[in-house]
Asks: 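Have a look at the structure that comes next, please.
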Amino acid sequence: MEPTQGFDEAGVLAAVERVRDALKDMDARRLAACFAEDADFNAPPGTWLRGRKAIEETHEVIFSPTPQPGRVSFAQAKSTTRILGVRFLRPDVAVVDWEWTQTGATFDGQPWPDRRGMLSMVWTRDEDAEWRVRVWRNKDYAQLVGAPK
């Protein structure tokens, strides 16, 4: 990726690393802190959350080492991510796309199939000059028409 002249690509990429680290550590509080207070979070299989508090509470459940019945658990999951690109819409608004893989998740105590997908995030620089996720759209490739194999 070529740096975008005059834009804070390094700041955006550092913020993306904070998300990656929080996900790797399964730290719901640190993950939620990466989001704007009024963020939208959408992920398979139909999860749609509004606001930092809902994002934190939901991830506390799915990261828990004691999975709840009838819920997905990422407690034993392993994931990889690869940034596909950063695009600035304005100096304070950036879109980041990444591909991901996940193995080892469970649903209702049963193994969940290995997964691959793409995540698009809209990042904004807040009043405190921190980059935060405003919109998170995550899709499994299996659900996308024409997705790479």
Side-chain angles (χ1 to χ4, degrees), residues 1-65 72-107 111-149:
M1 286 176 284
E2 291 291 318
T4 307
Q5 187 79 16
F7 291 89
D8 183 21
E9 186 168 352
V12 172
L13 292 174
V16 170
E17 284 306 310
R18 287 193 300 274
V19 168
R20 284 175 153 170
D21 289 344
L23 288 169
K24 181 181 61 142
D25 296 342
M26 295 192 193
D27 187 322
R29 175 172 282 166
R30 279 187 16 235
L31 178 64
C34 297
F35 286 81
E37 197 63 48
D38 63 346
D40 280 346
F41 182 100
N42 180 264
T47 303
W48 194 324
L49 308 171
R50 291 270 167 101
R52 186 184 295 160
K53 182 178 179 188
I55 292 165
E56 182 175 352
E57 290 172 350
T58 297
H59 284 84
E60 284 174 350
V61 171
I62 63 177
F63 290 165
S64 170
V72 66
S73 173
F74 295 157
Q76 301 301 316
K78 300 293 181 222
S79 299
T80 64
T81 61
R82 181 174 68 95
I83 296 174
L84 300 174
V86 177
R87 178 178 179 217
F88 282 88
L89 304 178
R90 297 188 326 223
D92 62 339
V93 179
V95 177
V96 176
D97 293 307
W98 79 19
E99 281 187 309
W100 56 267
T101 65
Q102 183 186 63
T103 60
T106 61
F107 183 82
W112 209 9
D114 293 351
R115 303 165 55 222
R116 293 180 59 235
M118 183 173 165
L119 168 62
S120 294
M121 297 170 276
V122 176
W123 291 80
T124 58
R125 189 172 18 206
D126 286 348
E127 311 78 45
D128 62 3
E130 288 291 323
W131 286 98
R132 290 199 172 81
V133 179
R134 178 87 42 190
V135 177
W136 176 286
R137 297 290 184 258
N138 195 3
K139 298 293 179 207
D140 283 7
Y141 276 150
Q143 298 172 351
L144 299 175
V145 174
K149 302 233 183 283

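Remember, predicted model here, so these are calculated numbers, not experimental data. We count residues from 1, following the sequence as given.
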Asks: Charged N to carboxylate O below 4.0 Å: is that the case for E56 and K53?
Replies: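 Result for this pair is no, no salt bridge flagged.
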Asks: Given W131, which partner from the list T124, D126, D8 fulfils the side-chain hydrogen bond (donor to acceptor under 3.5 Å, both in side chains) test?
Replies: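 Going through the options one by one, the only one that passes is D8.
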Asks: At what distance, to the nearest 0.5 angstrom, does CG of L119 lie from CG of D140?
Replies: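 Between L119 CG and D140 CG, I get 11.5 Å after rounding to 0.5 Å.
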Asks: If you compare all heavy atoms of F63 against all heavy atoms of A28, which two are closest, and at what distance to 0.1 Å?
Replies: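 The pair with the smallest heavy-atom distance is CD1-N, 3.8 Å.
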Asks: Decide, yes or no, whether a salt bridge links R134 with D40 under the criterion of side-chain N to carboxylate O below 4.0 Å.
Replies: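 So R134 does not pair with D40 through a salt bridge.
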Asks: Roughly how far, to the nearest 0.5 Å, is CE of M26 from OG of S64?
Replies: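 Those atoms lie 11.0 Å apart.
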Asks: If you round to the nearest 0.5 Å, how far is CZ of R29 from CZ of R52?
Replies: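 Atom-to-atom, R52:CZ and R29:CZ are 11.5 Å apart.
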Asks: Rounded to the nearest 0.5 Å, what's the gap from CH2 on W100 to CG on N138? Could you check?
Replies: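 So the CH2 of W100 and the CG of N138 are separated by 5.5 Å.
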Asks: Parallel, tilted or perpendicular for W98 and W136, by the 30°/60° rule?
Replies: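 Plane angle over 60°, so perpendicular.
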Asks: Contact between E99 and R116 at the side-chain level, heavy atoms closer than 4.5 Å - yes or no?
Replies: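 They are in side-chain contact.
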Asks: Measure across I55 and A39 and return the closest heavy-atom pair with its distance rounded to 0.1 Å.
Replies: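 Result for this residue pair: CD1-CB, 4.1 Å.
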Asks: Taking the six-membered ring for Trp, are H59 and F35 ring centroids under 6.0 Å apart?
Replies: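 No, the ring centres sit 6.0 Å or more apart.
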Asks: Which atoms form the tightest heavy-atom contact between A54 and L49, and what is the distance?
Replies: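 Residues A54 and L49, closest heavy atoms: O-CD1, 4.0 Å.
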Asks: Salt bridge check: are R90 and D92 linked by an N-O gap of less than 4.0 Å?
Replies: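 Between D92 and R90 there is a salt bridge, with a charged N closer than 4.0 Å to a carboxylate O.
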Asks: For A15 and W123, which heavy atoms make the closest approach, and how far apart are they?
Replies: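 Here A15 and W123 meet closest at CB-CZ3, 3.3 Å.
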Asks: Exactly one of T80, T81, D114 should register a side-chain hydrogen bond (donor to acceptor under 3.5 Å, both in side chains) with T101. Which one does?
Replies: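 By the side-chain hydrogen bond (donor to acceptor under 3.5 Å, both in side chains) criterion, T101 pairs with just one of T80, T81, D114: T80.
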Asks: Between D128 and E130, is there a donor-acceptor pair closer than 3.5 Å when you use the side chain of the first and the backbone of the second?
Replies: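 Yes; judged by distance alone, with no hydrogens or angles, the pair exists.
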Asks: How close do A94 and V12 get, counting heavy atoms only, and between which atoms?
Replies: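 Nearest heavy atoms, A94 then V12: CB-CG2, 4.0 Å.
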Asks: State, yes or no, whether a side-chain contact exists between T47 and N42 at a heavy-atom distance under 4.5 Å.
Replies: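 Sidechains of N42 and T47: no contact.
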Asks: As an exercise, state the distance from CG of D38 to CZ of R132, rounded to the nearest 0.5 Å.
Replies: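 Atom-to-atom, D38:CG and R132:CZ are 11.5 Å apart.
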Asks: Under 6.0 Å from the ring centre and within 45 degrees of the ring axis: does the NZ or CZ of R137 meet both conditions for the six-membered ring of W48?
Replies: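 Yes, a cation-pi geometry.
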Asks: Could you state the interatomic distance from CD (Q76) to OG1 (T103), rounded to the nearest 0.5 Å?
Replies: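 The OG1 atom of T103 is 11.0 Å from CD of Q76, to the nearest 0.5 Å.
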